[in-house]
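Written out below as structure tokens is the structure these notes cover.
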There are 2 protein chains.
Amino acid sequence: MVTRKEDFSKWYLQIIQQADLMDYSPVRGCMIFKPNGFELWEHIQAYFNKRLKEEGIRNAYFPMLIPEAFFNKEKDHVEGFSPELPWVTEAAGEPLEERLALRPTSETMIGDAFSKWINSYRDLPYEINQWANVFRWEKRTLPFLRTSEFLWQEGHTAHATAEEAQERTQKMLEIYAEMIEGLLAVPVFQGEKTPSERFAGAVQTLSVESMMQDGKAVQTGTSHYMGTKFAEAFNIRYLNPDNEHVYAYTTSWGVSTRLIGAMIMTHSDDQGLVLPPAVAPQQVVFIPVGPKKKLPEVLDKVKDLNQALRDRGIRTYVDDSDNSAGYKFNEWELRGAALRIEIGPRDIENQQVIMKARDLQDKEAVGFTDLVAEVEAQLEAMQTRLLDKARQMNQANCYTQIETLEELEAHIAAKKEANEVPGWVLAGWDGTEETEALIKERTGFTTRNIPFDRYFEGDNALPRKDTCIVTGKPACHTVWLARAY
Amino acid sequence: MVTRKEDFSKWYLQIIQQADLMDYSPVRGCMIFKPNGFELWEHIQAYFNKRLKEEGIRNAYFPMLIPEAFFNKEKDHVEGFSPELPWVTEAAGEPLEERLALRPTSETMIGDAFSKWINSYRDLPYEINQWANVFRWEKRTLPFLRTSEFLWQEGHTAHATAEEAQERTQKMLEIYAEMIEGLLAVPVFQGEKTPSERFAGAVQTLSVESMMQDGKAVQTGTSHYMGTKFAEAFNIRYLNPDNEHVYAYTTSWGVSTRLIGAMIMTHSDDQGLVLPPAVAPQQVVFIPVGPKKKLPEVLDKVKDLNQALRDRGIRTYVDDSDNSAGYKFNEWELRGAALRIEIGPRDIENQQVIMKARDLQDKEAVGFTDLVAEVEAQLEAMQTRLLDKARQMNQANCYTQIETLEELEAHIAAKKEANEVPGWVLAGWDGTEETEALIKERTGFTTRNIPFDRYFEGDNALPRKDTCIVTGKPACHTVWLARAY
């Protein structure tokens with residue numbers, strides 16, 4: 001097994017396959033989600049569907065194939081996505097009259113539908129979501145994080161006013177932040193993307209970004225305010241109370257299966273997966289120990305204990321295979337079972353089990369009668385611990401005192417020399433694309449996002465930067481710089 | 001509004017659009033599932049996922065694009081699906097070296113994966129399911145029932161023995177029958193498809209078929225036993241306990257969004273949708289009545305009653321729009337709200353509401369204190385009533401005494417003359433494709449399925465047919481004949 005220090009990429013590819021989350025497919029850049037990998041997505045879906053319901057937003061489903069003409073309606077949108085589109089050109093043995101794109105996102109299809117469905121101010125806000133497969137034919141792919149086909153949700157809303165649309169854009173980012181931190185125990189950095197990193201066609205793109213253990217960033221969610229750009233392109237107009245036909249303001253927002261990759265790169269270790277209990281397919285694994293002839297008696301007891309946990313909705317697995325206990329310990333560490341429960345004949349005499357959390361070294365003895373309560377407490381404690389640990393890792397790798405490009409280059413070189421991660425750097429930026437391009441060229445770092453104002457206030461405030469890291473001119477923004485997936 | 005009697009197809013197209021279930025899209029044969037339509041699918045998904053869990057079958061996700069070479073591995077499969085495939089031939093601005101099909105089903109992709117994942121008898125049975133969009137470029141399309149893109153689940157399993165695989169094939173059909181009758185209140189006819197109607201590449205195809213109000217059949221679910229045909233095509237072999245490499249036996253089974261169409265055609269009436277309460281997006285709709293100035297007081301009370309129902313998990317809607325009560329009554333009949341609750345100032349004085357079930361004419365007064373219990377009881381009663389009513393409709397349209405093709409033709413002509421539905425006809429069949437083809441040519445009726453043996457036993461037994469309806473020769477099978485969607 002390669003370690004994270006030795007080769008982070010290789011380590012990642014190794015554990016996701018060995019832990020049975022995924023497999024490669026014969027189609028370039030398209031992966032198979034095996035049950036242990038897909039279940040992680042199902043927990044995300046369940047959480048987010050519940051939140052959508054609270055927001056009064058319902059699910060719909062739109063066709064996957066998009067007529068070429070649709071892409072040409074919004075200039076920025078077509079420019080952004082054209083290079084990555086796969087096209088259907090023939091069907092049922094005949095060439096198509098018009099090429100059909102495999103959706104990279106559904107703005108155009110949904111824009112067209114909204115233009116038919118939205119007629120009056122009484123129809124607004126119009127808010128829907130869809131869960132779908134989408135396609136972006138990427139040159140370099142990485143399982144979960146960047147695949148030619150991926151799964152996501154995309155929400156699309158239309159509003160009567162700019163303010164209301166901006167509120168929705170902001171609110172969805174906050175919901176993403178809650179979900180990614182609360183469910184996946186992955187800390188996020190909220191902020192606004194620079195214009196060059198915006199969604200193709202958006203007026204404003206907000207993002208949550210997360211730091212991996214190798215210091216690189218993953219954009220874990222985005223929320224876009226479109227102003228009236230898509231409304232103008234697709235003629236989404238409504239009759240306002242003054243009887244005027246005016247354009248609606250639209251938003252869109254999404255998270256994808258890349259969240260799974262981000263979660264793994266945040267928590268896992270050299271022994272394998274570490275998964276937050278809230279999404280771990282196996283929250284508890286029972287491993288019988290002791291002499292083989294006593295096994296039936298042990299399994300009898302396990303059956304009762306297991307049922308008691310299942311009755312509480314805890315996801316359990318009893319490993320009664322022929323493998324040795326040591327083999328099983330390794331196997332379930334690799335697969336990221338949250339809690340391991342060992343139980344043998346002597347434990348039964350003592351009316352107890354031995355319990356170990358995946359992320360801790362120590363084991364503890366737990367009496368049979370306390371088991372359910374203790375398992376619930378430990379699962380909750382582990383969920384909190386993983387988020388805290390990730391926050392500490394993030395904090396240790398955030399650099400806020402680098403003022404010039406030369407200092408940044410020296411920082412990166414020093415970290416490389418020490419085989420340490422360069423992390424994220426907070427920098428002043430003059431707001432020009434030239435500066436962004438130069439930073440990228442010289443360091444490989446790109447702008448992640450511009451933290452919201454609130455991050456510059458209070459006890460743990462980020463320092464605002466007055467001068468641009470490249471030009472030394474007055475900074476328009478203080479921005480996170482990092483290498484990114 | 002067109003009635004069912006006047007023009008069943010037109011009636012169907014009219015109510016699904018007016019009830020806001022769907023809309024057409026700019027892509028031929030691809031429809032949009034609006035929230036009220038998609039929610040019907042979400043209830044089916046939730047039910048089936050729960051059943052899968054009980055069976056120990058987990059969800060996975062496989063790539064949508066299938067290399068052309070895969071299709072050529074199983075001769076019957078490629079012949080069956082080739083005429084309907086859309087192809088991706090270019091991506092990211094360049095032609096592809098090999099065309100990629102949009103999956104019509106995933107047998108080939110999953111067969112290839114199984115060949116890698118299954119090595120030993122210890123890996124068997126291997127059972128998974130996926131929820132996915134699939135494509136079949138149909139010439140004639142009909143929303144929900146036959147669309148170029150549709151949503152479905154497809155289960156795929158591999159087993160050590162033929163018996164075990166056949167048991168799984170049978171078991172899934174039974175689960176479909178339970179779901180379609182229990183959740184959708186749509187009665188099913190279980191049986192085996194004739195060879196010409198089998199899934200492309202299957203050894204045996206079982207189906208559940210349902211009768212619509214126009215007497216036509218919808219195949220509502222299928223379950224296929226593949227023998228070792230796909231195992232041989234994709235080299236799915238395992239090491240058995242005797243250390244021999246042998247082929248596994250595979251199955252696949254699926255239901256799709258056509259279930260939604262079947263459910264609507266079974267229950268709905270000339271006023272609009274009638275939906276089984278178990279899946280109705282609106283189980284209860286509150287409609288305030290009485291003078292406008294008393295409305296705030298009424299809405300206050302509605303708020304309490306509504307919350308009490310919601311606390312029990314009942315899906316409710318309060319229609320406090322400006323429309324008249326009469327308009328609302330019509331609107332919610334059209335949309336298939338299961339129960340309508342009227343409440344006005346006088347009702348509040350009497351501490352009661354007026355409740356009406358969508359499928360009944362009479363209203364009843366229900367006291368505030370009894371409301372929750374009465375709503376739950378009425379929803380359950382309506383669910384049962386719809387299934388019973390559909391069973392009666394089915395029974396009235398099943399003809400089991402027709403012995404010759406001439407009698408069948410006369411039956412169809414007489415029904416047409418009387419503007420009545422020709423229904424389904426139970427017939428003897430000599431087992432030849434020629435006979436099937438001739439029946440179709442002369443009457444438009446096709447073989448639906450061969451009822452299982454158990455349907456020929458007991459009090460309500462179907463009569464077994466000794467002679468073929470066409471040739472008069474000894475019948476191999478007794479088979480249902482009907483026009484089909």
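First the proteins, then the strands, lettered A, B, ... as listed; each starts at 1. In this text the structure is predicted, and so the values were computed from the model without any measurement.
How far CD of Glu90(A) is from OG1 of Thr89(B): 5.5 Å, rounded to the nearest 0.5 Å. Atom CE of Met64(B) sits about 3.5 Å away from atom CE of Met64(A), to the nearest 0.5 Å. Atom CH2 in Trp137(A) sits 6.5 Å away from atom CG in Leu96(B) (nearest 0.5 Å). Note that SG of Cys30(A) and CE of Met109(B) are 7.5 Å apart. Values are rounded to the nearest 0.5 Å. How far CH2 of Trp131(B) is from CZ of Phe38(A): 10.5 Å, rounded to the nearest 0.5 Å.
Relative ring orientation between Tyr61(B) and Phe33(A) is described as perpendicular, the plane-to-plane angle rising above 60° on a 0-90° scale split at 30° and 60°.
Contacts between Tyr24(B) and chain A at a heavy-atom distance below 4.5 Å involve the backbone alone (N, CA, C, O). In this structure, chain A has a heavy atom under 4.5 Å from the side chain of Lys116(B), while its backbone stays farther away. With a 4.5 angstrom heavy-atom cutoff, Asn59(B) touches chain A via backbone and side-chain atoms both. Using a 4.5 Å cut-off between heavy atoms, Leu85(B) touches chain A through its backbone atoms (N, CA, C, O) alone. In this structure, no portion of Trp41(B) lies under 4.5 Å from any heavy atom of chain A. Neither the backbone nor the side chain of Arg122(B) comes within contact range of chain A; no heavy atom of the residue lies under 4.5 Å from a heavy atom of that chain.
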Test side-chain contact (heavy atoms from CB on, under 4.5 Å) on Trp117(A) and Ile32(B); report intermediate values, then the result.
CA-CA 12 Å; Trp117(A) 300 345; Ile32(B) 299 170; 3.6 Å; yes

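Per-residue counts of heavy-atom pairs under 4.5 Å with chain A were compared for Pro83(B), Ala69(B), Gly37(B); the largest is that of Pro83(B). Options Leu102(B), Ile66(B), Asp112(B), Ile128(B) differ in how many heavy-atom pairs under 4.5 Å they form with chain A, and the most are formed by Leu102(B). Chain A forms more heavy-atom pairs under 4.5 Å with one residue of Met31(B), Glu138(B), Glu98(B) than with any other, namely Met31(B). Between chain A and the residues Glu42(B), Arg28(B), Glu84(B), the largest count of heavy-atom pairs under 4.5 Å involves Glu42(B).
Taking the side chain as every heavy atom from C-beta outward, Ser25(B) and Phe62(A) never approach each other to under 4.5 Å.
Taking non-hydrogen atoms and a 4.5 Å limit, the residue list of residues 143-153 of chain B in contact with chain A, ordered by number, reads Glu149(B), Leu151(B).
Within 6.0 Å of CZ in Arg312(B) there are 12 or fewer heavy atoms belonging to other residues, nucleotides or ligands. Around atom CD of Glu97(B), no more than 12 heavy atoms belonging to other residues, nucleotides or ligands sit under 6.0 Å away.
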